Amino acid sequence: MRISRSFVTALVAFFLGAAVVAQRGQSTPIKPGEECPAGMTEVRPGQCQAPTMPPPSIVDYRPRSTLVVPAHPVPRAKYPAIDFHGHPGDRIMSAGALATMVSELDSLNVGLMVSADNLSGERLRQAIATIAGSPQKDRVRVLAGIDFRDVGPGWADKAVRQLEADVRAGAVGVGEIAKSLGLSIRKRDGSRLRIDDPDLDPIWDACARLNLPVFIHTADPQEFFQPIDDHNERWLELALFPGRRYPSDRFPSFEELMTERDNLFRRHPRTTFVAAHMGWHANDLARLGRMFDAMPNLSAELGAVLYDIGRQPRVAHDFFVKYQDRILFGKDAYEPSEYPYYWRVFETRDDYFDYYRHYHAFWKLYGIDLPDPVLKKVYYANALRLTPGLPRGAWRQ
Ligand SMILES: [Zn+2]
């Protein structure tokens with residue numbers, strides 16, 4: 001029998017390779033369903049191996065993409081947008097700071113910012129006076145804050161009176177009701193103030209009577225309530241910001257808070273609610289869709305969840321088209337350089353581009369390519385419809 005030279009070469013290479021692996025001792029078998037041991041990765045089905053070099057930490061690993069595809073950055077929104085989730089802070093407390101902020105908003109084509117800084121009383125009046133007395137008077141509107149401390153007998157009357165005074169001073173809605181409602185605020189009797197506590201009902205009824213949208217942030221991403229381990233998508237964020245962890249021995253669970261929130265929405269069908277951050281369901285849009293179907297008084301704002309919208313371009317596109325009357329643009333933290341990422345996700349069909357905050361997401365974004373009529377609703381028309389107190393000048397309805 002003749003043995004070909006190439007066969008011998010292949011045989012030698014095979015045994016040499018096997019010898020190298022055996023020598024390193026790095027190949028470890030696992031059973032179906034098992035994970036590789038720490039420090040190893042699955043190189044072939046059922047075979048784990050350790051890198052031959054010390055791996056970089058996830059903090060330092062920043063691979064440069066070699067993908068070459070068309071890119072269409074969008075520095076300005078296609079239509080003048082209303083930022084329903086603004087946190088201007090002191091930028092609306094003086095004429096100079098207001099003018100600077102509005103010139104930044106001009107360059108992004110943000111036509112109006114809704115301040116969701118929970119202003120009330122004297123500070124709210126100061127902000128509104130600054131805005132009303134400026135050349136930028138139609139560029140910012142202010143939501144009123146509710147003080148949820150000390151809820152008990154007599155609280156609701158006082159809170160409703162304060163809200164009515166804030167509305168007379170020019171507030172156009174309520175918010176942003178903070179996540180501390182549900183997570184941490186205590187009642188006068190020391191018990192946790194539940195989001196659906198009946199003691200709060202007079203406030204929600206007043207919002208319906210005064211035609212004020214209620215902008216409410218409940219809980220936080222569900223991973224913040226989970227163990228911080230190798231499977232947690234927000235490991236880096238939780239390691240950077242320990243205050244964002246909600247361990248179950250000290251806080252209600254994510255689902256408990258969602259149940260209380262949904263009870264609130266259902267029990268007050270005449271009150272308009274806008275759930276901040278898409279209710280933290282941008283990672284499960286079908287769930288948010290079921291909520292929209294069951295609760296006609298509910299809309300959602302999309303600030304700070306772009307990482308979830310942009311990683312499911314087809315599902316998100318279809319969701320935005322189906323629920324085009326229920327979704328409002330908002331940005332949350334004020335940072336002008338970050339708005340264009342939103343425009344690019346909504347307006348293009350670009351593939352695989354960077355997000356602005358690595359610790360939110362270790363993945364890339366894709367454009368969801370919304371049709372113009374949907375863009376207009378998300379950018380401004382839904383906010384105008386839900387908030388009678390907004391100036392309409394810049395938008396022909
Ligand atoms: Zn906010």
Side-chain angles (χ1 to χ4, degrees), residues 81-93 101 104-105 108 110 112-120 123-124 127 139-149 166 171-185 195 207 212-225 234 237 240-241 243-244 246 254 257-258 261 264-265 272-283 288 298-309 326-339 341-342 355-357 359-361 378-379 382-383 386-387 390:
I82 294 177
D83 179 355
F84 199 80
H85 191 160
H87 289 301
D90 285 343
R91 292 178 187 84
I92 57 172
M93 302 309 283
M101 182 179 82
E104 289 165 350
L105 295 178
L108 299 160
V110 173
L112 181 108
M113 175 186 277
V114 176
S115 157
D117 277 335
N118 276 313
L119 299 184
S120 183
R123 204 168 148 77
L124 176 119
R139 304 298 297 279
V140 182
R141 284 297 177 270
V142 180
L143 304 182
I146 308 290
D147 186 349
F148 289 103
R149 289 172 300 182
D166 289 343
V172 299
V174 164
E176 168 187 15
I177 293 176
K179 58 191 166 189
S180 53
L181 175 61
L183 268 173
S184 56
I185 296 178
I195 301 163
C207 292
L212 305 171
V214 176
F215 183 44
I216 179 166
H217 174 156
T218 305
D220 255 343
Q222 66 188 62
E223 299 95 316
F224 292 12
F225 297 79
R234 304 294 275 270
E237 177 166 6
L240 288 167
F241 306 104
R244 296 183 188 181
Y246 305 116
F254 180 78
L257 293 166
M258 297 297 106
R261 176 201 65 186
L264 167 69
F265 296 162
T272 298
F273 291 97
V274 179
H277 311 296
M278 295 182 96
W280 299 119
H281 301 312
N283 62 334
L288 184 57
L298 176 64
S299 293
E301 173 273 343
L302 52 74
V305 290
L306 193 67
Y307 52 85
D308 271 335
I309 298 168
R326 313 293 287 277
I327 307 168
L328 283 67
F329 169 72
K331 169 62 183 69
D332 198 0
Y334 184 66
E335 172 48 61
S337 68
E338 293 172 350
Y339 287 81
Y341 292 83
Y342 287 75
Y355 177 56
Y356 56 83
R357 205 164 285 174
Y359 69 75
H360 272 179
V378 171
Y379 277 178
N382 293 337
L386 296 179
T387 321
L390 295 184

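Order of appearance sets the numbers: ligands from 1, and atoms from 1 within every ligand. None of these values were measured; they are calculated from a predicted model.
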Neighbour count above 12 (heavy atom, 6.0 Å) for R244 CZ: yes

Atom pair OG1 (T218) and CZ (F254), whose distance is rounded to the nearest 0.5 Å: 9.5 Å

Has H85 got an N/O/S atom less than 2.8 Å from the Zn ion (ligand 1)? yes

Looking at E176, pick out the N, O or S atom nearest to the Zn ion (ligand 1) and give its name. OE1

Given the ring of F215, does R141 sit roughly above its face, with NZ or CZ under 6.0 Å from the centre of the six-membered ring and within 45° of the axis? no

Report the atom name of the nearest N/O/S atom of H87 relative to the Zn ion (ligand 1). NE2

Non-hydrogen atoms of M101 and I92 that approach each other most closely: CE-CG2, 4.1 Å

